[in-house]
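Everything below concerns the one structure shown next.
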Amino acid sequence: IRMLVHSGRYYLKGYNEKYKNVVNYRMDHITDMVVLKEKATPLRQIKGFEAGITNEKHMGTNLPYMYTDKQERIIFYATPEIIDQMVDWLGLDIDINVIDKAEGGKYKLSIITSPTAFRFFAQQYLGEIEVLQPKKLRTEIYNVVLAAAEKYK
């Protein structure tokens, strides 16, 4: 177990024995805690954590909203005005490639992060971001936008 601070919130990162995955628990949401006698699986015995929790991939600085699904490369367009917000939410580990000015001066960016977390980030900045890949994430955002548009007719 490791304690992390992300966006002003405290989390416990640990291995969930029941579901066999690493999770983040908001400390202010933990109630009725019970100390068990059974030994927990050491984190260094879990695939991907052999070196412990040492880098941005595990520390959460490139994981807005602290989701723990498998990280993927996300490729997207973003307007220049949103770059500061992206660094605040996603960290400095973003590959920035300038797109032709015919695209309105947008940047083409890529990041390796949680697709679930990035979906929420992209939805927060719909006017400034367009997800290109993975196709599944683009489709999920499209469906959320359609459902929201239907609600606000």
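Note on Tyr152: it does not cluster hydrophobically with Leu146, by side-chain heavy-atom contacts below 4.5 Å among ILVMFWY residues. Both Leu109 and Tyr125 are members of a single hydrophobic cluster when ILVMFWY side chains are connected at heavy-atom separations under 4.5 Å. There is a path of hydrophobic side-chain contacts, each under 4.5 Å, that joins Ile82 to Leu126.
Put simply, the side chain of Glu17 gets close to the backbone of Thr41: a donor and an acceptor are under 3.5 Å apart.
Closest heavy-atom contact between Asn16 and Lys18: OD1-N, 2.9 Å. Closest of all the heavy-atom pairs between Leu137 and Pro115 is CD1-O, 3.6 Å. In terms of heavy atoms, Tyr77 sits closest to Lys106 at CB-CD, 4.1 Å. Nearest heavy-atom pair, Ser114 versus Gln71, reported as atom, atom and distance to 0.1 Å: N-CG, 3.9 Å.
With a 4.5 Å cut-off on side-chain heavy atoms, Ile30 and Leu12 count as touching. You'll find the side chain of Arg138 reaches within 4.5 Å of the side chain of Leu132, heavy atoms only. Contact annotation: the side chain of Tyr15 never approaches that of Val23 to less than 4.5 Å [non-hydrogen atoms, C-beta and beyond]. The shortest distance between side-chain heavy atoms of Phe121 and Ile129 falls below 4.5 Å. Contact of the Phe76 side chain with the Ile111 side chain is registered, since non-hydrogen atoms from C-beta on lie closer than 4.5 Å.
Considering CZ of Phe118 and CZ of Arg73, their distance stands at 12.0 Å, rounded to 0.5 Å. Rounded to the nearest 0.5 angstrom, Thr116 OG1 and Glu140 CD are separated by 7.0 Å. A distance of 11.0 Å separates NZ of Lys70 from CD1 of Ile112, quoted to the nearest 0.5 Å. Here OG1 of Thr113 is found 13.5 Å from CZ of Arg119. Values are rounded to the nearest 0.5 Å. Interatomic distance, Ile74 CD1 to Gln133 CD, rounded to the nearest 0.5 Å: 9.5 Å.
With a 6.0 Å radius and a threshold of 12 heavy atoms from other residues, nucleotides or ligands, Lys20 has its NZ atom above the threshold.
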